[in-house]
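Read through the structure below, which is laid out as structure tokens, and then see the notes.
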Amino acid sequence: MADDELRGWVRVSSGKVRDIYAPADQDSPDRLLLVTSDRISAFDYILETPIPGKGKILNQLAVWWMGRLEDVVENHLLATAHDPLDPHSVPEELEGRAVVAKALRMIPIECVVRGYLTGSGLVEYEESGTVCGIGLPEGLVEASRLDTPIFTPAAKAELGEHDENITFERAADMVGAELAARLRDTSIALYERARDIAAARGVIIADTKFEFGLDPATGALVLGDEILTPDSSRFWPADEWIEGRPAPSFDKQYLRDWLTSAESGWDRASGAQPPALPDEVAAATGARYVEAFTRLTGEEPKL
């Protein structure tokens, strides 16, 4: 969307999925407009094929979760809908796929919490018996449930680069021991609350990530970005989970699996851009996002 289509807002950055706008009439904005696009990324590449409706699903699901977790930690939401009397509310044409959020000093750490062993955590465990420096019991396998959730932070990378898994000690070196402990404890509390909500709906949250910032005025820790969506979490159907086997998922793991299959013809190690998605792969990916939303919320997304 061109900048001049958003009266009163100026685009300041674009990421893998989100475009960020600041109020045109403020030199030091206290709020930002976060617009969730239909772009999708995998293996640190932005794919050329969008997933129709994906942005609205992500945005609405993140807002739903923040409403259920706001007693755990403050979040960044200022407005989630259009208000004709407020020029700094969500523009009418973006309702459903955008929020107005408090401008924060973002903390450069991805706060990953794992309740099950899979993905990069499993790879590290198989090599060393640890995940981000945390020792785990012997004999764990794909999709093993951990006795207690673990905090496995990552250093945020520039666009197109891969986040680096780090130890808690490295996180403490980066942001200070007190703040690192607050990030860990708050992230685990959010995960445990969300895990229980999802479990009541037959969904396992295998792992997820959170991002936080500091309120420039008060210094308070604030939950930002987007949370507990198929882009930032692994969602598994509880009735199909079997320890030792890859679980079916309601997230973009399906897309990752297709890209690394012989059918795609793409070599991840080649450095080449991934191929365009066939219509059926794009449709199946979108269907998983819809299913995640409906299973978790009991409602249909407003597309």
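Positions are given from 1 along the sequence.
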Judged by atom type as modelled, is there a donor-acceptor pair below 3.5 Å linking the side chain of [X] to the main-chain atoms of [Y]?
| X | Y | answer |
| --- | --- | --- |
| Q60 | G96 | yes |
| D38 | G55 | yes |
| T130 | G135 | no |
| Y191 | I205 | yes |
| Q273 | I46 | yes |
| H82 | V90 | yes |
| T167 | R170 | yes |

Gap between atom [atom2] of [Y] and atom [atom1] of [X] - 0.5 Å precision:
| X | Y | atom1 | atom2 | value |
| --- | --- | --- | --- | --- |
| E263 | W258 | CD | CH2 | 6.0 Å |
| I204 | S233 | CD1 | OG | 13.5 Å |
| W64 | L296 | CH2 | CG | 6.0 Å |
| D25 | W9 | CG | CH2 | 8.5 Å |
| L34 | D19 | CG | CG | 10.0 Å |
| L259 | S261 | CG | OG | 7.5 Å |

Closest contact, heavy atoms only, [X] versus [Y]:
| X | Y | answer |
| --- | --- | --- |
| Y125 | V131 | CB-CG2, 4.2 Å |
| F168 | A181 | CZ-N, 3.8 Å |
| E243 | S144 | OE2-OG, 2.6 Å |
| A103 | P216 | O-CD, 3.4 Å |
| L228 | F235 | O-CZ, 3.3 Å |
| L69 | A194 | CD2-N, 4.3 Å |

Carboxylate-amine/guanidinium contact [X] [Y], below 4.0 Å:
| X | Y | result |
| --- | --- | --- |
| K16 | D231 | no |
| K302 | E300 | no |
| E95 | K56 | no |
| K102 | E74 | yes |

Would you say the ring centroid of Y116 lies under 6.0 angstrom from that of W241? yes
Less than 4.5 Å apart, any side-chain heavy atom of [X] and any of [Y]?
| X | Y | answer |
| --- | --- | --- |
| R31 | P23 | yes |
| R201 | T297 | no |
| Q253 | P248 | no |
| E211 | I107 | no |
| F210 | L223 | yes |
| V73 | V222 | no |
| V35 | N59 | no |
| P274 | F43 | no |

Can you tell which of L58, D251, T229 makes a side-chain contact (heavy atoms from CB on, under 4.5 Å) with Y289? L58
Let me know which of V112, I150, N165 forms a side-chain contact (heavy atoms from CB on, under 4.5 Å) with C132. N165
For side-chain contact (heavy atoms from CB on, under 4.5 Å), just list the numbers for T208 and R234, CA-CA rounded to whole Å, side-chain angles, deciding distance to a tenth of an Å, and then say yes or no. CA-CA 7 Å; T208 193; R234 285 186 174 92; over 6 Å; no
Please lay out, stage by stage, how R288 and T285 fare under the test side-chain contact (heavy atoms from CB on, under 4.5 Å). CA-CA 5 Å; R288 282 162 171 77; T285 301; 5.8 Å; no
May I ask whether [X] and [Y] are part of the same hydrophobic cluster, defined by side-chain heavy atoms of I, L, V, M, F, W, Y residues being less than 4.5 angstrom apart, directly or through others?
| X | Y | result |
| --- | --- | --- |
| I40 | L303 | yes |
| L221 | L104 | no |
| I134 | M174 | no |
| F151 | L146 | no |
| M106 | L179 | no |

Is the count of non-hydrogen atoms from other residues, nucleotides or ligands lying under 6.0 Å from [X] atom [atom1] greater than 12?
| X | atom1 | value |
| --- | --- | --- |
| E92 | CD | no |
| D71 | CG | yes |
| D279 | CG | no |
| R245 | CZ | no |

Does the pair R145 and L117 meet the rule for a side-chain contact (heavy atoms from CB on, under 4.5 Å), with working shown? CA-CA 7 Å; R145 188 181 193 276; L117 193 59; over 6 Å; no
Would you kindly say whether [X] and [Y] are connected by a side-chain donor-acceptor distance under 3.5 Å?
| X | Y | answer |
| --- | --- | --- |
| T294 | E299 | no |
| E226 | T36 | no |
| R114 | T152 | yes |

Before giving the answer on side-chain contact (heavy atoms from CB on, under 4.5 Å), spell out for R184 and S187 the whole-Å C-alpha distance, their side-chain angles and the decisive distance to 0.1 Å. CA-CA 5 Å; R184 177 195 61 206; S187 297; over 6 Å; no
